[in-house]
Student: 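Quick one: the structure is below, and I'll ask about it shortly.
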Amino acid sequence: MATLLYRLGRASFRHRKLVIALWLAVLAAVIAAMSLFGGVGKLNDDFSIPGSESQQALDTMGREFPGTAGTSAQLVFTAPAGQKVTDPRYAAAIDHTLAGAAKAPQVVKVTAPAKAGTVSADRRVAVAQVSYSVVKDDLDSTSLDKLDATAAPARAAGLDVDLGGAALGGGGAQPGAQDLIGVGVAVIVLAITFGSLLAAGMPLLTALVGVVAGVAGVLSLTGVAAISSTALTLALMIGLAVGIDYALFILTRHRSQLAQGDEPEHAAGLATGTAGGAVVFAGLTVIIAMAGLSVVGIPFLTVMGLAAALAVFAAVAVALTLLPAILGFAGRRLAPKPGSRADLREQAVVAGPKNGRAVNAGEKWVRLATAKPWLTVLAVLAALGALAWPIKNLTLALPDNGSAPAHTSQRAAYDTIDKAFGPGFNGPLIVLADTSGAANPQQAAGTIAKDLGALPVVAAVAAPSLNDSATYAIVQVVPKSAPDSKATQDLVTAIRDKEAAIAKETGASIRVTGKTAVSIDVSAQLSSALVPFGAVVVGLSLLLLLVVFRSLVVPVKAALGFLLSIAATFGAAVTVFQNGHFQSLVGADGATPIASFLPVVVMAVLFGLAMDYEVFLVSRIHETYHHTRSPLNAIHTGARHSARVVTAAALIMISVFAAFVHSESMILKQIAFALALGVLIDAFIVRMTLVPAVLALTRHVAWWLPGWLAKRLPDLDIEGNRLTHNPQPAGPVPVPAEASR
């Protein structure tokens with residue numbers, strides 16, 4: 001593979017004008033496709049599982065009860081302290097408001113508080129239900145604003161009016177200007193790493209091309225696939241981070257070769273053949289892991305994974321072709337100036353330590369970690385174990401309006417309803433009864449409502465509503481517990497368990513649905529898929545690293561380190577979001593459950609990034625050990641060559657992900673936090689600390705492989721040993737003799 005990539009790098013360097021022209025054509029094509037077939041306006045933030053009981057019931061409701069097919073909103077009226085919404089002047093203002101709401105765009109029905117039974121016991125709060133003719137994603141951009149404007153009479157009368165409900169919910173988020181913070185930090189890190197603005201700008205330029213290609217490609221598919229804004233932002237976030245990192249790895253090796261006197265063309269080919277091999281490996285692991293989300297069987301998660309995989313593929317393609325082409329235009333200008341700090345640093349790394357002293361901070365840290373490896377291992381295990389401990393209380397759910405920012409209208413409406421009516425009123429369950437087989441449909445529906453109301457965890461049951469043909473009935477059940485609580489999940493299970501008894505008693509069958517039930521079904525399926533998916537990811541890491549490093553200890557150590565990173569990351573997420581500690585650091589307001597799909601998404605992304613750092617760090621160690629057979633010296637030398645670039649890459653990843661932490665989308669906020677912290681833990685605690693300590697403990701055993709297995713494994717030469725130890729000519733023949741055999 002190293003030889004193939006070497007040829008690709010040199011070809012891109014030589015034919016740089018053609019390569020750049022082809023990339024410009026690709027960008028023009030995907031942007032044109034986005035304009036013609038997709039766009040941001042066609043994003044779909046519906047998180048559901050087609051075929052699940054709750055979704056099937058929703059589909060049936062859409063056919064049998066047309067008024068329930070669309071989304072809904074709430075107008076929450078609150079009287080001043082000591083006043084009541086039933087006072088004549090307030091009641092008149094509410095009626096005036098509801099009359100205007102009924103005429104608002106796309107509204108098909110408005111249910112007054114008195115009819116809905118949503119006037120609080122102290123008569124200070126009333127909630128009106130507003131039904132729309134379309135689902136949330138099909139609402140016009142001004143529909144909710146115009147609905148809110150109809151509350152002017154109530155506000156003029158002195159009532160507080162908040163707009164809430166499912167129409168304002170959802171976890172989607174559009175990219176914003178704050179996302180450029182990560183890019184700004186990346187510029188600083190790159191400038192410090194290279195000591196050159198020209199060199200620092202190249203990874204940003206190529207990453208931008210990859211992001212535009214990947215994101216435009218995703219948006220061009222919104223016309224034929226349900227792609228959420230969260231999937232789009234995840235693709236942008238990951239594409240930007242890996243795009244900068246992959247270019248950083250190759251460019252660092254290129255400048256190192258230039259500093260040693262290589263010709264630019266050969267240096268570009270060698271950088272692509274060596275560092276590019278690790279880029280291909282790292283990119284493929286992320287792509288495979290993200291595409292592997294499709295095995296979970298949830299369409300929106302499949303699309304999310306494929307969107308991110310497309311962005312990573314674009315980043316890899318750009319790093320292997322466009323970057324060498326740009327290097328061709330730069331020529332020797334990328335070489336560190338003689339006598340500069342960058343040049344002295346490169347020369348020091350090549351020359352090695354003097355008088356046994358470490359060359360750079362990375363080597364110093366690794367020497368410290370390997371001085372007493374047992375102590376290092378125990379300290380890391382204790383620290384990560386403490387971070388991971390809260391994971392035992394992990395609760396998964398889809399974030400709702402209760403996790404919206406405190407300053408938003410939907411959060412105010414949610415909190416008001418919670419206080420006035422109880423937590424269950426923010427997440428009622430809908431029981432759809434098929435009464436076509438009942439002798440008396442009306443009586444059967446009434447019996448069902450009575451039986452459900454007798455359950456101890458039910459706060460209220462609304463009167464049944466039958467469709468025109470009396471073949472279906474809707475019964476709204478309000479739990480005593482919050483939508484994301486374990487008690488509500490148990491209630492859904494209890495109602496479903498009563499199906500057989502109800503069918504025997506009434507002749508009608510029932511199904512539980514509604515937003516809360518859909519969230520519970522999504523969380524249940526994701527929870528059940530988490531362990532198998534984790535096993536696949538860990539198994540894949542073992543197999544890939546076994547082939548790459550031809551060792552038994554290295555893959556096992558890498559997989560266990562990955563599991564430690566994941567456990568610590570999830571435990572920290574529970575501490576911050578679910579337990580409500582240190583929330584000011586992430587801009588959250590109040591405790592909220594972990595997003596249902598966060599574990600599998602974060603596991604997939606961190607898997608690829610963990611293998612990325614593993615390859616870049618351990619490959620240098622392996623290369624030195626291969627020639628010196630000195631385990632400890634190999635660890636120190638590997639750190640000397642790779643620690644700086646791994647540190648820079650990790651800092652860039654962390655800054656890009658952290659820039660999204662203050663998004664108003666709770667889903668995106670949690671994913672960004674987990675990815676930023678996960679990279680921090682995996683890069684600096686696991687890869688730069690635990691891995692060297694374990695290698696120091698295992699010494700020669702770390703690189704042992706049974707002979708029978710060695711004969712059966714392919715030699716991928718990820719490290720490019722055939723290239724680095726068989727110098728390439730600057731002329732047209734780029735293939736080394738050994739590699740061609």
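This is a predicted model, so every value here is computed, not measured.
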Student: Applying salt bridge (Lys or Arg N to Asp or Glu O under 4.0 Å), which residue pairs with at least one partner in residues 466-486 are found, sequence neighbours left out?
Tutor: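 Every salt bridge (Lys or Arg N to Asp or Glu O under 4.0 Å) pair that includes a residue of residues 466-486, provided the two are not neighbours, is Lys486-Asp490.
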
Student: Show me the pairs that pass salt bridge (Lys or Arg N to Asp or Glu O under 4.0 Å) and involve residues 520-536, at least two apart or across chains.
Tutor: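 Every pair satisfying salt bridge (Lys or Arg N to Asp or Glu O under 4.0 Å) with a residue in residues 520-536: Arg496-Asp521.
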
Student: Keeping Thr118 on the side-chain end and Val127 on the backbone end, is there a donor-acceptor pair under 3.5 Å?
Tutor: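 Here the side-chain-to-backbone pair exists.
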
Student: Please tabulate, for side-chain N and O atoms in residues 438-446, each donor-acceptor pair with protein atoms closer than 3.5 Å (sequence neighbours left out).
Tutor:
{"unit_1": "Asn440", "atom_1": "OD1", "unit_2": "Gln442", "atom_2": "N", "d": "3.3"}
{"unit_1": "Asn440", "atom_1": "OD1", "unit_2": "Gln443", "atom_2": "N", "d": "3.1"}

Student: Please check this pair: side chain of Thr516 against backbone of Gly427, looking for a donor-acceptor N/O pair closer than 3.5 Å.
Tutor: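 Side chain of Thr516 to backbone of Gly427, a donor-acceptor pair under 3.5 Å: yes, one is there.
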
Student: Looking at CG of Asp162 and OG1 of Thr78, how far apart are the two atoms once the value is rounded to the nearest 0.5 Å?
Tutor: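 Rounded to the nearest 0.5 Å, the CG-OG1 separation comes out at 6.0 Å.
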
Student: Measuring from atom CD1 of Ile430 to atom CD of Gln476, what distance do you get when rounded to the nearest 0.5 angstrom?
Tutor: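 Rounded to the nearest 0.5 Å, the CD1-CD separation comes out at 4.5 Å.
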
Student: Indicate the atoms forming the closest heavy-atom contact of Leu98 with Ala128, along with that distance.
Tutor: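 Answer, listing the atom of Leu98 first, then Ala128: CD2-CB, 3.5 Å.
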
Student: Over all heavy atoms of both residues, which pair between Ser481 and Thr488 is shortest? Give the atoms and the distance, please.
Tutor: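 In this case the closest contact between Ser481 and Thr488 is OG-OG1, 2.6 Å.
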
Student: Quick check for you: to the nearest 0.5 Å, what is the distance between Ile671 atom CD1 and Met304 atom CE?
Tutor: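 Separation between the atoms: 6.0 Å.
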
Student: Determine whether Thr471 and Leu466 make a side-chain contact, defined as any pair of heavy atoms from C-beta on separated by less than 4.5 Å.
Tutor: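 A side-chain contact is absent here, since even the closest heavy-atom pair is not under 4.5 Å.
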
Student: Look up atom OG1 in Thr408 and atom CG in Asn401, then write down how far apart they are to the nearest 0.5 Å.
Tutor: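 One gets 7.5 Å once the value is rounded to the nearest 0.5 Å.
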
Student: If I compare all heavy atoms of Val85 with all of Arg124, which pair ends up nearest, and what's the gap?
Tutor: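 Taking every non-hydrogen atom into account, CG1-O, 3.2 Å.
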
Student: Working to the nearest 0.5 angstrom, can you tell me the gap between Leu526 CG and Phe533 CZ?
Tutor: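 So the CG of Leu526 and the CZ of Phe533 are separated by 10.5 Å.
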
Student: Not counting sequence neighbours, which residues clear side chain to side chain contact (heavy atoms under 4.5 Å, CB included) with Asp497? List them please.
Tutor: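 Partners of Asp497 under the side chain to side chain contact (heavy atoms under 4.5 Å, CB included) test: Thr493.
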
Student: Could you go step by step and tell me if Met61 and Thr513 meet the side-chain contact (heavy atoms from CB on, under 4.5 Å) rule?
Tutor: CA-CA 10 Å; Met61 284 175 58; Thr513 186; 3.6 Å; yes

Student: Output, in order, the C-alpha distance, side-chain angles, deciding distance and verdict of side-chain contact (heavy atoms from CB on, under 4.5 Å) for Val107 and Lys103.
Tutor: CA-CA 7 Å; Val107 172; Lys103 299 176 182 177; over 6 Å; no

Student: With distance as the sole test, does Gln583 use its side chain to make a donor-acceptor pair with the main-chain N or O of Val576 at under 3.5 Å?
Tutor: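 Yes; at least one donor-acceptor contact below 3.5 Å.
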
Student: Within the side chain of Thr142, is there an N or O that forms a donor-acceptor pair under 3.5 Å with the backbone of Asp145?
Tutor: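 No: the side chain of Thr142 does not pair with the backbone of Asp145.
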
Student: When the ring centroid of Phe597 is compared with that of Phe300, is the distance short of 6.0 Å?
Tutor: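 Ring centroids of Phe597 and Phe300 are less than 6.0 Å from each other.
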
Student: Say you draw a straight line from CG of Leu306 to CG of Leu221; how long is it, rounded to the nearest 0.5 Å?
Tutor: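 These two atoms lie 10.0 Å from each other.
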
Student: Short question: side chain of Asp400, backbone of Gly402 - any donor-acceptor pair under 3.5 Å?
Tutor: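 Such a contact is found between Asp400 side chain and Gly402 backbone.
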
Student: Please answer whether the main-chain N or O of Val110 pairs with a side-chain N or O of Gln129 as donor and acceptor at a distance below 3.5 Å.
Tutor: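 No; zero donor-acceptor contacts below 3.5 Å.
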
Student: Decide yes or no on side chain to side chain donor-acceptor pair (under 3.5 Å) for Ser131 and Ser72, but give the supporting numbers first.
Tutor: CA-CA 5 Å; Ser131 300; Ser72 63; over 6 Å; no

Student: Would you say Gln670's side chain and Pro593's backbone share a donor-acceptor pair under 3.5 angstrom?
Tutor: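 Present.
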
Student: State which residues pass side chain to side chain donor-acceptor pair (under 3.5 Å) with Ser143; sequence neighbours excluded, sorted by chain then number.
Tutor: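 Ser143 satisfies side chain to side chain donor-acceptor pair (under 3.5 Å) with Gln106 once adjacent residues are dropped.
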
Student: Measure the shortest side-chain to side-chain distance between Phe577 and Ile594 over non-hydrogen atoms and say whether it is less than 4.5 angstrom.
Tutor: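 Yes, at least one pair of side-chain atoms sits under 4.5 Å.
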
Student: Can you name the side chain to side chain donor-acceptor pair (under 3.5 Å) partners of Ser523, sequence neighbours left out?
Tutor: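 With sequence neighbours excluded, Ser523 shows a side chain to side chain donor-acceptor pair (under 3.5 Å) to Ser596, given in chain and number order.
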
Student: Quick check: do Gln74 and Leu163 have side-chain heavy atoms less than 4.5 Å from each other?
Tutor: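 Not in contact.
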
Student: Show me, pair by pair, the donor-acceptor contacts under 3.5 angstrom made by side chains of residues 563-574, not counting sequence neighbours?
Tutor:
{"unit_1": "Ser565", "atom_1": "OG", "unit_2": "Gly561", "atom_2": "O", "d": "3.1"}
{"unit_1": "Ser565", "atom_1": "OG", "unit_2": "Asp682", "atom_2": "OD1", "d": "2.7"}
{"unit_1": "Thr569", "atom_1": "OG1", "unit_2": "Ser565", "atom_2": "O", "d": "2.7"}

Student: Might you point out which heavy atoms bring Leu396 and Gln489 nearest each other, and give the distance in Å?
Tutor: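 Closest approach of Leu396 to Gln489, heavy atoms only: O-NE2, 4.4 Å.
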
Student: Got a list of side-chain donor-acceptor pairs under 3.5 Å for residues 413-424, not counting sequence neighbours?
Tutor:
{"unit_1": "Asp415", "atom_1": "OD1", "unit_2": "Arg411", "atom_2": "NE", "d": "3.3"}
{"unit_1": "Asp415", "atom_1": "OD2", "unit_2": "Arg411", "atom_2": "NE", "d": "3.1"}
{"unit_1": "Thr416", "atom_1": "OG1", "unit_2": "Ala412", "atom_2": "O", "d": "2.8"}

Student: Under the ring pair (Phe, Tyr, Trp, His ring centres under 6.0 Å) rule, collect the residues that match up with Phe562, sequence neighbours excluded.
Tutor: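 Phe607.
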
Student: Would you say the side chain of Val431 lies within less than 4.5 Å of the side chain of Ile495, judging by non-hydrogen atoms?
Tutor: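 SC-SC contact between Ile495 and Val431 confirmed.
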
Student: Under 4.5 Å between any side-chain heavy atoms of Leu675 and Phe673, yes or no?
Tutor: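 The answer is no; the side chains never approach within 4.5 Å.
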
Student: Taking only residues two or more places apart in sequence, or in another chain, which ones meet Arg155 in a side chain to side chain contact (heavy atoms under 4.5 Å, CB included)?
Tutor: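 Expected list: Asp148, Ala151, Val161.
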
Student: Report all side-chain donor-acceptor pairs from residues 501-512 shorter than 3.5 Å, counting only partners two or more places apart or in another chain.
Tutor:
{"unit_1": "Thr506", "atom_1": "OG1", "unit_2": "Ile502", "atom_2": "O", "d": "2.8"}
{"unit_1": "Thr506", "atom_1": "OG1", "unit_2": "Ala508", "atom_2": "N", "d": "3.1"}
{"unit_1": "Arg511", "atom_1": "NH2", "unit_2": "Thr60", "atom_2": "OG1", "d": "3.3"}

Student: Does a side-chain heavy-atom distance below 4.5 Å link Leu455 with Val458?
Tutor: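 In short, these two side chains touch, coming nearer than 4.5 Å.
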
Student: Once ring pair (Phe, Tyr, Trp, His ring centres under 6.0 Å) is applied, do any residues pair with Phe77, and if so which ones, sequence neighbours excluded?
Tutor: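 Applying ring pair (Phe, Tyr, Trp, His ring centres under 6.0 Å) to Phe77 gives none.
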
Student: Which pair of heavy atoms, one from Ala595 and one from Ile667, lies closest together, and at what distance?
Tutor: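 Taking Ala595 first and Ile667 second, the nearest heavy atoms are CB-CG1, 4.3 Å.
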
Student: Give a yes or no on whether the backbone of Phe65 and the side-chain of Asn467 come within a donor-acceptor separation of less than 3.5 Å.
Tutor: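 Here the side-chain-to-backbone pair does not exist.
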
Student: Could you report the tightest heavy-atom contact between Pro428 and Val478, atom names first, then the distance?
Tutor: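 Smallest heavy-atom distance, with atoms named: CB-CG2, 4.3 Å.
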
Student: Determine whether a donor-acceptor pair (N or O, by modelled atom type, separation under 3.5 Å) exists between the side chain of Ser120 and the backbone of Val125.
Tutor: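 Side chain of Ser120 to backbone of Val125: a pair is present.
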
